[in-house]
Amino acid sequence: MDLEKIRNDFPILNRIINGHQVIYFDNAATTQRPRQVIEAVKNFYETMNANIHRAVHTLSYEATVAYEEAHKKVAKFINARSWREIVFTRNATEAVNLVAYAWGLANLKEGDEIVVTIMEHHSNIVPWQWLRKFKGITLKFVDITDDGYLKIDEFEKLITEKTKLVGVVHASNVLGTINPVKDIVKIAKSKGSYVLIDGAQSAPHIKIDVQDIGCDFFVASGHKMLGPTGIGFLYARREILEQMEPFLYGGDMISTVTIEGATWNELPWKFEAGTPNVAGGIGLGVAVDYLQSIGIDKVFEHEKELLNYAFEKMADIPDIEIYGPKKNRLGVISFNIRGIHPHDIAGVLDQHGIAVRSGNHCTQPLLARLGVDNTVRASFYIYNTFEEIDRFVEALKKAVKIFKR
Ligand code: C6P
């Protein structure tokens with residue numbers, strides 16, 4: 001990887017914050033965008049802006065082709081069988097809600113069970129809690145080991161013939177753990193359950209092959225993989241999407257409408273009601289191009305090197321506790337320094353131009369399981385450097401001095 005070349009693609013990395021060149025370690029929340037993505041969005045509005053699927057004029061035709069092309073790029077990126085299996089949503093959260101509303105409401109009944117894990121982001125818990133309230137289903141949670149891995153044997157115990165859906169985060173936004181989703185799918189399938197994989201943190205960092213994983217649903221957010229905000233996607237097997245009722249109702253998702261009723265458009269438009277985020281979709285396609293031009297394996301390798309370097313450097317910070325496993329993980333480090341509040345640490349880091357997230361990371365059940373309310377989280381991406389980690393560790397040591405004097 002040509003790190004200097006990559007960094008030059010990200011204009012925001014030149015920002016000066018509190019007198020320092022910014023160090024952006026909040027990539028699990030959202031990544032930065034390369035010039036190519038920013039240009040693609042700008043270019044859409046400057047040269048091609050029109051509504052899609054609605055007119056015969058040239059601009060509308062070009063916008064339609066570019067938007068459909070973006071679906072094809074995403075399909076290829078995660079190795080879906082067809083681009084018609086890719087539904088663009090606002091984000092991963094909306095994609096999970098799409099499944100809860102359009103599939104869950106129609107297919108679940110009292111007594112059915114959904115199995116998720118204690119490692120989930122709220123987006124893969126709260127929609128199922130909502131279904132529990134309306135459909136009388138049971139929601140079960142798989143626990144983690146003390147070192148931050150899922151307890152795989154619990155899937156064997158908790159998934160039964162009553163289980164209709166297993167929802168698993170592919171990679172944890174707090175612990176960094178990369179879960180063995182292929183094995184989990186096998187267990188779920190042996191009991192006849194569907195499986196939803198939350199790929200919000202995995203798609204930006206590791207090779208995704210939905211056919212190899214064998215899942216029924218896979219969700220992700222564009223803004224965590226160099227794309228614009230307001231665009232994400234749901235992958236679902238074509239047979240399931242064909243059987244499912246729509247999610248939202250109105251323009252573009254229909255084929256015919258009479259005063260008696262309506263029939264539905266072909267996939268994926270059946271699930272993309274109203275004027276979509278055309279510019280965002282096109283931007284996401286360019287983000288995927290960008291990641292593929294680097295090579296997703298190289299992205300992951302780089303992060304692994306940064307992670308190992310950071311672990312080494314952080315080891316001599318007094319009273320530090322780092323959460324999550326040592327192996328099989330992303331470049332995400334959640335930690336606490338005993339006696340200092342995470343927001344205080346994040347505040348000192350900000351004084352040094354370093355952006356990290358502090359708080360509960362939208363994973364309150366997981367943090368309760370870890371026995372903490374908040375953590376500091378540093379998360380790396382393709383443009384981060386070893387020198388940045390040195391500066392980060394220096395600033396952490398200063399925080400310790402300030403608060404532990
Ligand atoms: N996690 C974080 O700082 P949205 O907000 O819909 O784009 O992504 C939701 C989501 C779903 N699953 C996982 C594993 C996630 O990490 C996230 C988003 C961000 O960790 C914002 S809370």
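For ligands, and for the atoms within them, numbers begin at 1 and follow the listed sequence.
Results of the side chain to side chain contact (heavy atoms under 4.5 Å, CB included) test with Ile114 over Leu196, Leu108, Ile125 single out Leu108 as the only residue that passes.
Between the side chains of Thr229 and His223, not a single donor N or O lies within less than 3.5 Å of an accepting N or O. For the residue pair Thr117/Glu120, the side-chain donor-acceptor check at 3.5 Å is satisfied.
Listed by chain and number, the residues in a side chain to side chain contact (heavy atoms under 4.5 Å, CB included) with Lys298 are Met1, Ile294 (sequence neighbours excluded).
A distance limit of 4.0 angstrom between heavy atoms and ligand 1 selects the residues Ala28, Ala29, Asn91, Ala92, Thr93, His121, Ser123, Val169, Asn173, Asp198, Ala200, Gln201, Ser221, His223, Lys224, Arg357, Cys362, Arg377.
Taking CG from Asn277 and OH from Tyr67, the interatomic distance works out to 7.0 Å, rounded to the nearest 0.5 Å. Going from atom OH of Tyr194 over to atom NZ of Lys189 covers 7.0 Å, rounded to the nearest 0.5 Å.
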